[in-house]
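No experiment lies behind these values; they were computed from the predicted model shown.
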Amino acid sequence: MTTPRDRTAETTAPGVGPSPPARRREDARRQAPVVAVVAIGGAIGAAARYGASLLWPAAAGGFPWTTLAVNTVGCAVIGVFMVIITDVWAAHRLVRPFFGTGVLGGFTTFSTYAVDIQRLVADGHARTGLAYLAATVLAALAAVWCAADGTRRLISRRKK
């Protein structure tokens, strides 16, 4: 069986690889589905995050609980997801970019986290900004670790 790169190479002289433009076109064709599913997933995740901010708006100058919650939940879900697709389920090659990078990347919002900290400090709430800085990092790391560990334990119990 020949791959698309093999077919491209067959059209050139023996011992000579495809031309740079041909190589770029082939790379673009191969990556197009990945880029598309990341974009679609990102739109879904960002819409969900925006919905959360509408349901639970943060008070000006107050602690950004919604962003903290969204980032923590997103990290927990990625912990579960990564264990499932690496230890349990042989997922299609586009599942990880769609859900892991797209949906969860769009849902979690570490850019908003950085802007929230900047605004808190600029508005004279440096202690709140520092607490938020630390709380988000600790909560996100704890969430992904606990979710991955818990999922692995649950899977190992079910296998017994």
Value rounded to 0.5 Å, distance of [atom1] in [X] from [atom2] in [Y]:
X	Y	atom1	atom2	result
His125	Asp116	NE2	CG	12.5 Å
Ile117	Leu133	CD1	CG	4.0 Å
Gln31	Glu26	CD	CD	10.5 Å
Leu54	Arg49	CG	CZ	11.5 Å

Inset, instruction - Please check if atom CZ in Phe110 has more than 12 non-hydrogen atoms from other residues, nucleotides or ligands closer than 6.0 Å. - result: yes

Shared hydrophobic cluster for [X] and [Y] (ILVMFWY, side-chain gaps under 4.5 Å):
X	Y	result
Leu141	Trp145	no
Leu104	Leu68	no
Ile40	Phe107	yes

What closest approach, in Å, do [X] and [Y] show between heavy atoms, and which atom pair accounts for it?
X	Y	answer
Val34	Arg93	CG2-NH1, 3.6 Å
Phe81	Arg96	CZ-CA, 3.9 Å
Thr151	Val80	OG1-CG2, 3.3 Å
Ile78	Gly100	CD1-O, 3.9 Å
Leu120	Gly129	CD1-CA, 3.8 Å
Cys75	Ala143	CB-CB, 4.2 Å

Inset, instruction - Could you tell me whether a side-chain N or O of Asn71 sits under 3.5 Å from a main-chain N or O of Thr109, the two making a donor and an acceptor? - result: yes

Inset, instruction - Examine distances only and state if a side-chain atom of Thr66 and a backbone atom of Ala58 form a donor-acceptor pair shorter than 3.5 Å. - result: no

Please examine the side chains of [Y] and [X], heavy atoms only from C-beta on, and report whether any two atoms are closer than 4.5 Å.
X	Y	result
Trp89	Val95	yes
Tyr113	Val137	yes
Tyr132	Thr67	yes

Inset, instruction - With sequence neighbours left out, write down each residue that passes ring-ring contact (aromatic ring centres under 6.0 Å, His included) with Trp65, or none if nothing qualifies. - result: Phe63

